[in-house]
Amino acid sequence: MIKAGALYFSIVIAFFIAILSASLIMLAAHYRSGYLKELRMGRILRNLESGIEMQLLEKPGNGYGNHSIDLYGDGADSITISRSHWGIYDLAQVWSFVSTDSIAKSMLIGLDNHQDSTAIYLSDEDRPLSVSGDTRIKGVAFVPKSGIRKAYVESRPYSGVEVVYGKINDSGRKLDGLTDAYLGYLKEELKRAGNIDGELQILPTNSLTVGFLDSVQRFRVPKGQVISQQLSGKMILYADSMVVIEKYAKLDNIIVFAQSIKVEEGFIGNCQLFARDSITVGNNASLSYPSVLGIISVDHLVDQAKIDIGKNVKFEGIILSYEDKRSALQTMISIGSSSIITGEVYATGLLKLSKDVKVFGKVSCNRFIMKTPTTLYENFLVDVTLDRKSRSKYYLGSPIFRGKEQHGKILKWLN
């Protein structure tokens, strides 16, 4: 005969077995769910990498807009890619989806031009290039057929051994032009900046950040408003007059289109600035890579469109001036003494380099000028360094410059 306590004991044992079994089932389900999620995330990441590779293989200036792609035709693996202008670079975005899970990436795309070893390209205007003092040119030099020579300036001879520490080639009559897709975009945006009354919301005076996976935010900067706040992200500012950027403003990745722009002394930031008439950068300012200063002179609203960079400025990126038709005075880029430029300087006009200026990268212009208290020199370089070899091999340029067709590379992750 079975004791009554045995039945109670059996029920307790069965209860604990049921709890243990349920726990094991739940644990198995949890691990299965985690395993399946890990598989989905792996698929999402692989699909994301495929989308990024598609963006990098796209020819610069093409593929703009949004495109959804079913990678395998089964509706399970989808990506959406988006591409647009961001100044003189391309802004690319990729969204990868599997079921309800997704990952997105945003990036700035530049061009790998490390094989271009040109330090200087000077248009052939039948004027030789003269070097004096402690000038050093390191890299390939394209100069007029009349050549390059050593010269005395202010009783100082050229101190180097070779006039160019690299190969010397003959230059052409004109600089290589700019890419139509990017130049056309800049012209349209500057035209928009000149006709924005009431069209856009006025820039708030408080700090503002816009994620690069969000829609672009466009604001109008009215006359007299000074930019002194922190502005970051997918933001474009327009002004039909002068824009003043104060020393303590914090700008990160934004773009400004205006009639003229003034950056105050001591400013530190990262931005792309484009103007029709002038850009002035004060002494001791620092603009980090990939910043851009660009003058696009189309209607010749001033006698001479120019970029004026002060003393002891550190600039990393691209400085360019452009005009459709050559004006009497031509555009000018002026760089103050002891400034250091890392990247590229392109002037469809005059380039004024003060003493002790260093350019680690490439310089292209129609004519150099240098001014002393008593004399204006044309096509003279005195105590300047143009050193292509010192620019990092990881530097990426802009597709606005015409050259050999190249694939894009990721210049900067934006999220």
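Side chains included, hydrogens not; waters and symmetry mates left out as well; all remaining heavy atoms used. Start at 1 with the first residue, then count along the sequence.
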Note to self: Checking the side chain of Q93 only, and the main-chain atoms of F212 only, is there a donor and an acceptor separated by less than 3.5 Å?
What the structure shows: yes

Checklist line | Closest contact, heavy atoms only, T331 versus S321 | finding: OG1-OG, 3.0 Å

Checklist line | Pairwise side-chain contact, L351 with I369, heavy-atom cut-off 4.5 Å (strictly under) | finding: no

Side-chain donor-acceptor distances from residues 226-233 under 3.5 Å, at least two apart:
from : atom 1 : to   : atom 2 : distance (Å)
Q229 : NE2    : P204 : O      : 2.6

Next item on the list: Side-chain contact test, heavy atoms from C-beta onward, threshold under 4.5 Å: evaluate it for L353 versus L381 and give yes or no.
Entry: yes

Check: When you check the gap from the basic side-chain N to the acidic O, do D383 and R156 get nearer than 4.0 Å?
Finding: yes

Item checked: Shortest non-hydrogen separation from G87 to Y185 and the atoms involved -> O-CE2, 3.4 Å

Item checked: Whether N195 side chain and K191 backbone form a donor-acceptor pair below 3.5 Å -> yes

Check: Could you walk me through whether S171 and D124 pass the side-chain hydrogen bond (donor to acceptor under 3.5 Å, both in side chains) check?
Finding: CA-CA 6 Å; S171 61; D124 190 350; 5.0 Å; no

Note to self: I want to check something: taking the side chain as every heavy atom from C-beta on, are L175 and Y121 in contact at a cut-off of under 4.5 Å?
What the structure shows: yes

I'd like a table of donor-acceptor pairs (distance under 3.5 Å, sequence neighbours excluded) in which one partner is a side-chain atom from residues 239-246, with atom names and distances.
none

Margin query: How close do L200 and R220 get, counting heavy atoms only, and between which atoms?
Written below: O-NE, 3.5 Å

Check: Out of curiosity, I79 CD1 to R46 CZ, how far, rounded to the nearest 0.5 Å?
Finding: 14.0 Å

Next item on the list: Spell out, as yes or no, whether a donor-acceptor pair under 3.5 Å connects the side chain of T342 to the backbone of F360.
Entry: no

Check: Hey, mind stepping through Y377 and N379 against side-chain hydrogen bond (donor to acceptor under 3.5 Å, both in side chains) and telling me if it holds?
Finding: CA-CA 7 Å; Y377 295 89; N379 279 359; over 6 Å; no

Note to self: Is the shortest side-chain heavy-atom distance between L208 and M235 below 4.5 Å?
What the structure shows: yes

Notebook entry, point to check: Roughly how far, to the nearest 0.5 Å, is the NZ atom of K358 from the OG atom of S390?
Noted result: 10.5 Å

Check: Hey, is E378 close enough to R367 for a salt bridge, meaning N to O under 4.0 Å?
Finding: yes

Return a table of donor-acceptor pairs under 3.5 angstrom between the side chains of residues 144-153 and protein atoms on other chains or two or more places apart.
from : atom 1 : to   : atom 2 : distance (Å)
S146 : OG     : R127 : O      : 3.4
R149 : NE     : S130 : OG     : 3.1
K150 : NZ     : V161 : O      : 3.2

Next item on the list: Report, as yes or no, whether the 6.0 Å neighbourhood of atom NZ on K105 holds more than 12 heavy atoms from other residues, nucleotides or ligands.
Entry: yes

Next item on the list: Show the numbers, then the answer: is there a side-chain contact (heavy atoms from CB on, under 4.5 Å) between Y346 and L178?
Entry: CA-CA 10 Å; Y346 176 97; L178 301 179; 3.7 Å; yes

Margin query: Side chains of K306 and I295, heavy atoms from C-beta outward: is any pair under 4.5 Å?
Written below: no

Notebook entry, point to check: Do we see a donor-acceptor contact under 3.5 Å between the side chains of K234 and N253?
Noted result: no

Item checked: Value rounded to 0.5 Å, distance of CE in M54 from CD in E49 -> 14.0 Å

Next item on the list: Grab the two heavy atoms, one from D116 and one from R388, that are nearest each other, plus how far apart they are.
Entry: O-NE, 2.8 Å

Checklist line | Nearest-0.5 Å distance that lies between atom CD1 in I255 and atom CG in L273 | finding: 10.0 Å

Check: If we ignore angles and hydrogens, is there a donor and acceptor under 3.5 Å between the side chains of D112 and Y394?
Finding: no

Margin query: Strictly distance-based, threshold 3.5 Å: is any side-chain N or O of S339 a donor or acceptor partner for the main-chain N or O of G310?
Written below: yes

Item checked: Over 12 non-hydrogen atoms of neighbours within 6.0 angstrom of NZ in K311 -> no

Check: Given the rule in the side-chain contact (heavy atoms from CB on, under 4.5 Å) test, do I333 and L350 qualify, once you have shown the distances and angles that lead to the verdict?
Finding: CA-CA 6 Å; I333 297 175; L350 311 177; over 6 Å; no

Next item on the list: Go through L129 and F380 one step at a time and tell me if the side-chain contact (heavy atoms from CB on, under 4.5 Å) criterion holds.
Entry: CA-CA 6 Å; L129 175 64; F380 274 72; over 6 Å; no

Item checked: Ring center gap for H85 and Y182 short of 6.0 angstrom -> yes

Check: Quick one: do the R83 and Q55 side chains pair a donor with an acceptor below 3.5 Å?
Finding: yes

Next item on the list: Kindly indicate whether the side chain of F142, heavy atoms from C-beta on, has any atom under 4.5 Å from the side chain of L122.
Entry: no

Note to self: Given the ring of F257, does R218 sit roughly above its face, with NZ or CZ under 6.0 Å from the centre of the six-membered ring and within 45° of the axis?
What the structure shows: no

Item checked: Side chain T348, main chain E323, donor-acceptor under 3.5 Å -> yes

Note to self: Do E264 and Y248 pair up side chain to side chain, a donor and an acceptor below 3.5 Å, judged on atom types alone?
What the structure shows: no

Next item on the list: Show the numbers, then the answer: is there a side-chain contact (heavy atoms from CB on, under 4.5 Å) between L111 and L411?
Entry: CA-CA 8 Å; L111 288 186; L411 185 152; over 6 Å; no

Check: Looking only at side chains, do Q259 and D277 share a donor and an acceptor under 3.5 Å apart?
Finding: yes

Notebook entry, point to check: Between I318 and S398, what is the shortest heavy-atom contact and its length?
Noted result: CD1-CB, 3.6 Å

Margin query: Between Y238 and F219 (judged by ring centroids, cut-off 6.0 Å), do the two rings come close enough to count as a pair?
Written below: no

Item checked: Between OG on residue S392 and CD on residue E316, distance to nearest 0.5 Å -> 10.5 Å

Next item on the list: Could you check Y158 against D134 for side-chain hydrogen bond (donor to acceptor under 3.5 Å, both in side chains), going step by step and ending with a plain yes or no?
Entry: CA-CA 6 Å; Y158 177 66; D134 295 328; over 6 Å; no

Check: Can you find a side-chain donor-acceptor pair between E125 and N366 that sits under 3.5 Å?
Finding: no

Next item on the list: Find out whether T135 and T385 are in side-chain contact, i.e. whether some heavy atom of one side chain is under 4.5 Å from a heavy atom of the other.
Entry: no

Item checked: Any donor-acceptor N or O pair under 3.5 Å, side chains D356, S337 -> no

Notebook entry, point to check: Could D387 and R136 be called an ion pair, given the rule that one side-chain N must be under 4.0 Å from one carboxylate O?
Noted result: no

Item checked: Residues E154 and K355 bridged, charged N to O under 4.0 Å -> yes

Next item on the list: Check L190 against A258 and note the closest heavy-atom contact, atom names and distance.
Entry: CD2-O, 3.8 Å

Note to self: Do I279 and D308 make a side-chain contact, defined as non-hydrogen atoms from C-beta onward lying under 4.5 Å apart?
What the structure shows: no

Notebook entry, point to check: If you measure from CH2 on W95 to OG on S78, what distance do you get to the nearest 0.5 Å?
Noted result: 14.0 Å

